[in-house]
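Step one of this worksheet: look at the structure below.
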Amino acid sequence: MTATTETSSAASSPRNPRDGAEADAAVASAGPVVDPVDPDLAETARSLHAPVVDWFAAHARDLPWRRREAGAWGVMVSEFMLQQTPVNRVLPVYEQWLERWPRPADLAAEPPGEAVRAWGRLGYPRRALRLHGAAKAIAERHGGEVPEEHAQLLALPGVGEYTAAAVVSFAYGKRHAVLDTNVRRVFARAVGGQQYPPNATTAAERRIARALLPEDEATASRWAAATMELGALVCTARSPECARCPIAEQCAWQLAGAPAHEGPARRTQSYAGTDRQVRGRLLAVLRASKDPVPQSDLDQVWHEPVQRARALDGLVSDGLVEPLDGGRYRLPLT
DNA sequence: AACGCGTGGCT
DNA sequence: TAGCCAAGCGT
């Protein structure tokens, strides 16, 4: 089954990002919200489920957060760490984290600076602060249990649309569409016939993800994990291994001759010389020291005083660094 | 909506 | 080699 006119127009949303939104709005205003499933899309879905889920059963990696003993907290910790950080770098930090803080309340009882320190070099250390904040909220407002509802999860710091969906689906086995960068790429190719999805998630993509979600709860949960895994291992961004793909024969992109991506390239972010690099160096010094660090030590990490001061100010206003008397700094105790 | 936010491996 | 890329979020 190749992409229909409906799905291909929806999935070509880099050009027409409003198609899906208008359709959704029209349905929403019509009354009770029942997912509008295009019959062709439904047929596409049925033809994809078995091969993808079977492939997953045979090829899924044995990752610690996929084991039963991980629990919802383990899933949640892994999802925070995996936000923009590769699996291989997450693995050792995840193990140490859960050993030290096996429940949300254990983390909540510690200063936020300890979370930042334990985060190590995973990058984007504000995630550590948010995970600590989420743990406190769970301890205080949810009786120490990771909430099961998508809306409750979404209210936690650092939990966005994707992470909430991942916890709902992976930790609690509930039926919820999960759209991460891997799934978006798989759908863009298999359904949309495009090499890459649009830069930002569109309403059209959400609609397709919902339409493709299996009815059965347990299958839906496996499907979510399976499509992610397929994107991570086979349908990769740079060099997809279509010969190993369980749905290559049905893939709209393959059937179209694997055309190269049209349209604007993704903005590539620089790093060298940016405030981010300076922040990283400052924080590395602070992580390494259990005691407060004098300003003079921090001054060593970057030659340019204006940028250095701006980076330090930023860390303080983000709550990643606590200024003390006498020009000394440390990771935050509160 | 576009941007800032770390870090390191890969091609 | 210099981008490109990695299970996003918040503003």
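Please read these numbers as outputs of a predicted model, since none were measured by experiment. Here is how names work: the chains are called A, B, and so on, in the same order as the sequence lines, proteins then strands, and each is numbered from 1.
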**Request:** Would you check if there is a donor-acceptor pair between the side chains of A/R207 and A/T202 at a distance under 3.5 Å?
**Result:** no
**A/Q277 CD to B/dT7 P, straight-line distance once rounded to whole Å** = 9 Å
**Prompt:** Between B/dT7 and A/Y271, is there an OP1 or OP2 to side-chain N/O distance shorter than 4.0 Å?
**Reply:** yes
**Asked** Taking the P atom of each, how far is C/dG3 from C/dA7, in whole Å?
**Response** 22 Å
**Message:** Tell me whether A/R328 is salt-bridged to A/D291, with the criterion being a basic N under 4.0 Å from an acidic carboxylate O.
**Reply:** no
**Request:** Begin from the C-alpha positions of A/R61 and A/E229 and carry the test side-chain contact (heavy atoms from CB on, under 4.5 Å) through to its verdict.
**Result:** CA-CA 8 Å; A/R61 292 167 291 179; A/E229 191 78 336; 2.8 Å; yes
**Message:** So, does A/R279 get its side chain near the phosphate of B/dG6, meaning an N or O under 4.0 Å from OP1 or OP2?
**Reply:** yes
**Request:** Using atom CG of A/L320 as one end and atom C1' of C/dG10 as the other, report the distance to the nearest whole Å.
**Result:** 14 Å
**Prompt:** With a non-hydrogen cut-off below 4.0 angstrom, is A/W65 in contact with a base, only sugar-phosphate, or nothing?
**Reply:** base
**Complete:** Which of C/dC9, C/dA7, B/dG6 is nearest the side chain of A/Q269? It is B/dG6
**Item:** hbond_proxy A/R276 side chain to B/dG4 base (donor-acceptor, 3.5 Å cutoff)
**Value:** no
**Span that lies between the C1' atom of B/dA1 and that of C/dT11, in whole angstrom** = 11 Å
**Item:** 5'-most by nearest nucleotide on DNA chain C - A/S78 or A/L154
**Value:** A/S78
**Prompt:** Does A/R175 come within less than 4.0 Å of A/D216, counting only side-chain N to carboxylate O?
**Reply:** no
**Asked** Does atom NZ of A/K136 have more than 12 heavy-atom neighbours from other groups under 6.0 Å away?
**Response** no
**Asked** Whole Å only: how far is the CZ atom of A/R127 from the P atom of B/dT7?
**Response** 10 Å
**Item:** N-O pairing of A/E217 and A/K174 below 4.0 Å
**Value:** no
**Fill in**
Result for side-chain hydrogen bond (donor to acceptor under 3.5 Å, both in side chains) between A/W101 and one of A/E110, A/Q96, A/E114, A/H132 points to A/E110
**Request:** Quickly work out the A/R121 CZ to B/dC5 P distance and round it to whole Å.
**Result:** 17 Å
**Salt bridge A/D313-A/R310, side-chain N to carboxylate O under 4.0 Å** = no
**A/N182 side-chain proximity, nearest of C/dC5, B/dG6, C/dA7** = C/dA7
**Prompt:** Does one side chain, of A/E79 or A/Y162, offer a donor that lies under 3.5 Å from an acceptor on the other?
**Reply:** yes
**Request:** Identify, residue by residue, the members of residues 223-246 of chain A with a heavy atom below 4.0 Å from DNA chain C, and return them in order of residue number, or none.
**Result:** A/M228, A/A237, A/R238
**Fill in**
Per the under-4.0 Å heavy-atom filter, residues of residues 283-309 of chain A near DNA chain C come out as none
**Prompt:** What nucleic acid atoms does A/L129 come within less than 4.0 Å of, heavy atoms only: base, sugar-phosphate, or nothing?
**Reply:** nothing
**Request:** Using atom CE of A/M76 as one end and atom C1' of C/dA7 as the other, report the distance to the nearest whole Å.
**Result:** 15 Å
**Message:** Centre-to-centre under 6.0 Å for A/W119 and A/W97, is that the case here?
**Reply:** yes
**Asked** For DNA chain B, which residues in residues 80-97 of chain A have a heavy atom at a distance below 4.0 Å?
**Response** A/Q84, A/T85, A/R89
**Message:** Under 4.0 Å between a side-chain nitrogen and a carboxylate oxygen: does that hold for A/D299 and A/R308?
**Reply:** yes
**Complete:** Rounded to whole Å, the CG-C1' distance (A/N199 to C/dC4) equals 14 Å
**Complete:** A/Y124 atom OH is separated from C/dC9 atom C1', nearest whole Å, by 10 Å
**Message:** If the threshold is 4.0 Å, N to carboxylate O, is there a salt bridge linking A/E215 and A/R46?
**Reply:** no
**Request:** Please determine if a side-chain N or O atom of A/R185 lies less than 4.0 Å away from the OP1 or OP2 oxygen of C/dA6.
**Result:** yes
**Prompt:** Between A/R126 and C/dC9, is there a side-chain N or O to OP1/OP2 distance below 4.0 Å?
**Reply:** no
**Asked** Do you see a donor-acceptor pair shorter than 3.5 Å between the side chains of A/R276 and A/Q269?
**Response** yes
